[in-house]
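A short worksheet on the structure shown next.
Chain naming here is simple, since letters A, B, ... match the order of the sequence lines and numbering starts at 1 in each.
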Protein chains: 2
Amino acid sequence: MALEHAILVSLLEKPGSGYELARRFERSIGYFWTATHQQIYRVLKRMENDGWVVVRDVPQQGRPDKKEYSVADLGRAALSSWLQDPIEPESVRHDLAVKIRGAAFDDPAALIREVERHRQAHRDRLAHYLAGEARDFMAPGADTAGPKTPLDAERELQHVVLRGGIAYERMMIGWLDDVLATLARFGPGR
Amino acid sequence: MALEHAILVSLLEKPGSGYELARRFERSIGYFWTATHQQIYRVLKRMENDGWVVVRDVPQQGRPDKKEYSVADLGRAALSSWLQDPIEPESVRHDLAVKIRGAAFDDPAALIREVERHRQAHRDRLAHYLAGEARDFMAPGADTAGPKTPLDAERELQHVVLRGGIAYERMMIGWLDDVLATLARFGPGR
DNA sequence: TCCTGCTATGCAACTCGTTGCATAGCAAGC
DNA sequence: GCTTGCTATGCAACGAGTTGCATAGCAGGA
């Protein structure tokens, strides 16, 4: 299980409330890890009980108060120990691949529409990633010269993870093109 | 949920027992969908109750008897209806990406070993996929001329899914090289 | 004979993740 | 004053997935 560790990383990058974490999981962190707010609240409570994080009540004006979480020493130690642990290369779950093989036993017309829809979704996500990259990592003069600081490391690591997302989307778009070409090849002949 | 649908597809391609399905989920189907034998047995039982599949007791010599499942009309209809339903593009879960961003707050040496281990695992899987492709889809004279049959469609769809796996592994290897280069760039300077 | 190992099926307990719902403060517009 | 919408937190129930364990037939080797 890594949700708690994803939360620790996110809180180390910047403390925040459960709500804010949920927003982050819709964007940057969510590019490679999803979680709903229910899950986050539940896990945060457990982490608080375990002493991994500490809470601070933050009154706000114009909106409801929030609880701001930050990482405690125990949490940092837990993250550190998890980082040492080897993990298994992820197991994949591709509904779409199941559908593609299933299309051999059904009318492929619906599948073609579905694949085109997915390709568009991946195009959109790619555009979104590229925009984020231009915004956050192509800033002028940022990483030119000077000594490397811990903040540089944080940025560089965030960037390489984003590049992974970009590579993934590009690969998917190419493959979905391949799928469509394959479907077109034998589709009309039936 | 798609496990039951993955099972339906697999049983349509070839009827088999729960045990055999579990083996298949370790190979071909398992390239894009994982399941343990517990899960498979449980779901098979439910599918039998729902009339999606039918069982046939098959006595065997030299080994325990087995129950061979095959798809019933209701199951085929259920699969067909699921194939019509649009699904959401998958949500990703990459432990490794969490670790990479977490490495900003810890010693990156362990991460480097981890990334190298994963790269090797992806290399192995790629070699395995390529061997499977050569064995199953590069057979001489198979797909040269003649009219397209439903069996051709089945094969072509299996092949395009495998090509997806190959593209995925190649992308991952390239990205992990990028990660290692990035770690090397700022790692020594600390 | 006993142990190991493979085929084959299954139960029970647990954790993880999703879905639906509920509450509440406050702002903006009709 | 009412509705809509965003921030913010949470409960309860369910379904999916994992882990540990148990059973049983049979083969082969020490």
Side-chain angles (χ1 to χ4, degrees), chain A residues 1-7 11 15-27 29-30 32-50 53 55-69 82 87-95 98, chain B residues 1-8 11 15-27 29-30 32-50 53 55-69 82 85 87-95 98:
Chain A
M1 223 285 287
L3 174 55
E4 30 209 322
H5 302 109
I7 289 176
L11 289 181
S17 69
Y19 190 81
E20 283 163 351
L21 282 170
R23 311 297 313 269
R24 289 184 211 170
F25 274 82
E26 283 169 12
R27 2 178 326 278
I29 308 276
F32 51 86
W33 199 274
T34 56
T36 61
H37 75 275
Q38 324 289 358
Q39 239 179 303
I40 291 167
Y41 283 125
R42 198 197 303 159
V43 171
L44 272 177
K45 192 149 286 178
R46 187 174 66 225
M47 290 168 78
E48 194 195 339
N49 288 336
D50 294 348
V53 293
V55 201
R56 193 170 64 91
D57 263 46
V58 178
Q60 299 185 114
Q61 50 261 57
R63 54 177 67 177
D65 299 350
K66 67 174 182 180
K67 301 184 180 175
E68 195 187 73
Y69 291 86
W82 177 71
I87 49 173
E88 287 310 302
E90 2 63 59
S91 48
V92 195
R93 290 274 165 106
H94 282 293
D95 299 67
V98 178
Chain B
M1 222 284 290
L3 173 55
E4 29 210 322
H5 303 108
I7 289 177
L8 284 173
L11 289 181
S17 68
Y19 190 83
E20 283 163 350
L21 282 170
R23 313 295 314 268
R24 289 184 212 172
F25 273 82
E26 284 168 13
R27 357 179 329 279
I29 307 276
F32 52 85
W33 199 274
T34 55
T36 62
H37 75 274
Q38 324 289 357
Q39 240 180 302
I40 291 166
Y41 283 125
R42 198 197 303 159
V43 171
L44 272 177
K45 192 148 287 178
R46 187 174 66 225
M47 290 167 78
E48 193 195 340
N49 288 336
D50 293 348
V53 294
V55 201
R56 194 170 63 94
D57 263 45
V58 178
Q60 299 185 111
Q61 50 260 56
R63 53 177 67 178
D65 299 350
K66 67 174 181 178
K67 302 183 181 177
E68 195 187 72
Y69 291 86
W82 176 73
D85 274 1
I87 49 173
E88 286 312 301
E90 2 62 59
S91 48
V92 195
R93 290 274 164 106
H94 280 293
D95 299 67
V98 178

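In terms of position on DNA chain D, the residue among A:R42 and A:Y69 whose nearest nucleotide sits closer to the 5' end is A:Y69. For A:P64 and B:Q60, each mapped to the nucleotide of DNA chain C holding its nearest heavy atom, the one lying further toward the 5' end belongs to B:Q60. Along DNA chain C, the nucleotide nearest to A:H37 and the one nearest to A:L3 differ in position, and the one closer to the 5' end is contacted by A:L3.
Rounded to whole Å, atom C1' of C:dC16 lies 12 Å from atom CZ of A:R93. Whole-Å rounding puts the A:Y41 OH to C:dG17 P distance at 18 Å. Whole-Å rounding puts the B:R23 CZ to C:dG5 C1' distance at 12 Å.
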Taking only distance into account, with no hydrogens and no angle test, what donor-acceptor pairs under 3.5 Å do side-chain atoms of residues 62-69 of chain A form with protein atoms, sequence neighbours excluded?
from, atom 1, to, atom 2, distance (Å)
A:D65, OD1, A:Q60, N, 3.1
A:K66, NZ, A:E20, OE2, 2.7
A:E68, OE1, A:R56, NH2, 3.0

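Contacts of A:R24 classified as side chain to side chain contact (heavy atoms under 4.5 Å, CB included), with partners at least two apart in sequence or in another chain: A:S10, A:K14, A:L21, A:R27, A:I29. Checked against side chain to side chain contact (heavy atoms under 4.5 Å, CB included), A:A35 has the following partners two or more places apart in sequence or in another chain: A:L3, A:F25, A:Q39, A:I40. For A:E26, the salt bridge (charged side-chain N to carboxylate O under 4.0 Å, His left out) partners at least two apart in sequence or on another chain are A:R23.
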Check nucleotides 27-30 of chain C against the protein and report each pair of N or O atoms closer than 3.5 Å, with its distance, or say if there are none.
none

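The phosphate of C:dG17 has OP1 or OP2 within less than 4.0 Å of a side-chain N or O from A:Q39.
In 5' to 3' order, the nucleotides of DNA chain D bounding all contacts with chain B (an atom under 4.0 Å from a heavy atom) are D:dA16 to D:dC26.
B:G18 and B:Y41 get closest at one heavy-atom pair: CA-CE2, 3.9 Å.
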